[in-house]
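Presented below is the structure to which this report refers.
Side chains included, hydrogens not; waters and symmetry mates left out as well; all remaining heavy atoms used.
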Amino acid sequence: MKLNRAIQPEIAKIENLDYQKPERHYLDNGIPCYLINSGSQDLIKIDFIFKAGPLYQTQNLSASLTNKMLTQGTTKYSAFEIAEQMDSHGAYLDTSINKDRATISIYCLNKHLTKLLPILKEIIYEPTFPEKEFQTLLNKSKQEYLIELEKVKFLAAIHFSKTIYGPNHPYGKVAELFDYEKIKLRDLESFFKDHYTTDRCTIIATGKLPENLTEILNTTFNTKTISQRKSDFVDTNFNYQPGKHKIEKKGSLQSAIRIGKPTFNRLDRDFPKFNLLNVILGGYFGSRLMSNIREEKGYTYGINSNIYSLQHSGYFSIVTEVGSNFSEAALHEIYKEIHKLQSQKVPEDELELVKNYITGQIIRSLDGPLALSEKIRVQIMNDLPDTYYKDFVQEINQTDADDLIFIANQHLDTESLTELVVGN
């Protein structure tokens, strides 16, 4: 039968979400290791994840610079030799960091794994933090910071977290220009010794895995290191005070707008419902904020709302940049859309559309070994049950329009929101 592309295919509702679960092992030195044997390509990705994010730093910049310096030289290899070895084997080495954790990742073909892992071991256990490379990295980071300071978008981002959490909270602290003068190489060396240890490490491996991968990892990473930190306790208490803030940026043609508040993380029972509400408001291209402020009013090229889940908190934010003369009008429309969600039921067809969109995004994010590893990582790092994504979809599907009005009034009360505008 000939396919008629003028007829939209029926939408099949996903009632049950099934995906591959990781195998959990422990190396002899105690590192938990999660294996996801998936995919047909001879490709493997291994993440070494450490409790080494800015959450744990006492000196600004120490966490991010330490993470970047790991590949700049070891006892056996220079930065050039590390890069050359990766390139010659078609591998990719990456370091990344978020508020809570730091990661070292390697992507490579299976046949090169045993040749590359000893180099990775050097990077994790024996980085030398060469002075020349440190100064180069520091100067580059400082110049990038100075360039970013001229952008209203960057200023809004750093001041928003400081505004909602407070300047002394681990999630509210931001680097200032003087921090680039204050940071010393010894700060990075100290941070490394305290945080890049086997008792603070988790390994996630995904792809077409060798049958003896656990044995290979055990043989290579058999060293045991223990953090000298007495406790992982971090004071995350804060006194949130909502309010309206304006930062002048003379000569700016745009104003950056941030509206939001501290909320909660994925462990909260309201997270799935709040996620659904957020997508309707500003979480996808067809959202209400996009339809109103971009498509109808033309105030901006883009606007979105997001909810972020952190280890000890979470926050909600609406983000956009508008022409400076449209700031007040854009703010008015944003609050109008929030009030609609608090007082009017979301139409059934819109609700079903967004539910299907969210479910489709989750399914897409579980398709393929590399995408799957990111979802499994979220699950593992947040101590979520194996059924988390299945339960999440079920909770979304069971949420009705009355639930969303309740959630909107409970968590998006406009009096509880912080407003920040950076620009003219």
**Message:** Taking the basic N atoms (NZ, or NE/NH1/NH2) and the acidic carboxylate oxygens, is any pair closer than 4.0 Å for Lys142 and Glu181?
**Reply:** yes
**Asked** Mind checking whether Glu150 and Lys249 have side chains closer than 4.5 Å, heavy atoms only?
**Response** yes
**Asked** With a 4.5 Å heavy-atom cut-off, do Val319 and Ile303 have their side chains touching?
**Response** no
**Asked** Given the side-chain rings of Tyr196 and Phe48, with only the six-membered ring counted for Trp, is the space between their centroids under 6.0 Å?
**Response** no
**Request:** Run the salt-bridge test on Lys345 and Asp402 with the 4.0 Å N-O cut-off and return the result as yes or no.
**Result:** yes
**Message:** Using a strict threshold of under 4.0 Å (side-chain N to carboxylate O), is an ion pair present between Glu189 and Arg186?
**Reply:** no
**Request:** Any chance you could measure Ser317, atom OG, to Asn304, atom CG, to the nearest 0.5 Å?
**Result:** 7.5 Å
**Message:** Using the rule side chain to side chain contact (heavy atoms under 4.5 Å, CB included), only one of Ile307, Asn306, Thr418, Leu310 pairs with Tyr315; which is it?
**Reply:** Leu310
**Message:** Is it the case that the side chains of Gln394 and Tyr389 hold a donor-acceptor pair, with the cut-off being a distance below 3.5 Å and no angle test?
**Reply:** no
**Asked** Heavy atoms, side chains only, cut-off 4.5 Å: are Ser62 and Ile183 in contact?
**Response** yes
**Prompt:** Are the charged groups of Lys208 and Asp42 less than 4.0 angstrom apart, N to O?
**Reply:** yes
**Prompt:** So Phe316 and Phe274, would you call those rings parallel, tilted or perpendicular, with 30° and 60° as cut-offs?
**Reply:** tilted
**Request:** Answer yes when Lys246 and Glu248 have at least one side-chain N-carboxylate O distance shorter than 4.0 Å, and no when they do not.
**Result:** yes
**Asked** Between Tyr34 and His25, is the ring centre distance below 6.0 Å?
**Response** no
**Prompt:** Thinking salt bridges, do Arg269 and Glu395 make one under a 4.0 Å N-O criterion?
**Reply:** no
**Message:** So, applying side chain to side chain donor-acceptor pair (under 3.5 Å) with Ser105, which one of Asp94, Asp47, Thr95 is it?
**Reply:** Asp47
**Request:** State whether the number of non-hydrogen atoms from other residues, nucleotides or ligands found under 6.0 Å of Lys336 atom NZ is greater than 12.
**Result:** yes
**Message:** What I want to find out is whether Glu350 reaches Lys355 closely enough, with some N-O distance under 4.0 Å, to be called a salt bridge.
**Reply:** no
**Prompt:** Would a distance-only check, ignoring hydrogens and angles, find a side-chain to backbone donor-acceptor pair under 3.5 Å from Asn424 to Gln254?
**Reply:** no
**Item:** Heavy-atom closest contact (Arg258 atom, Thr320 atom, distance)
**Value:** NH1-O, 3.6 Å
**Item:** Output field: ring centroids Phe192/Phe129 closer than 6.0 Å
**Value:** yes
**Request:** Flag the pair Glu374 and Arg377 as a salt bridge only when some basic side-chain nitrogen lies within less than 4.0 angstrom of an acidic carboxylate oxygen.
**Result:** no
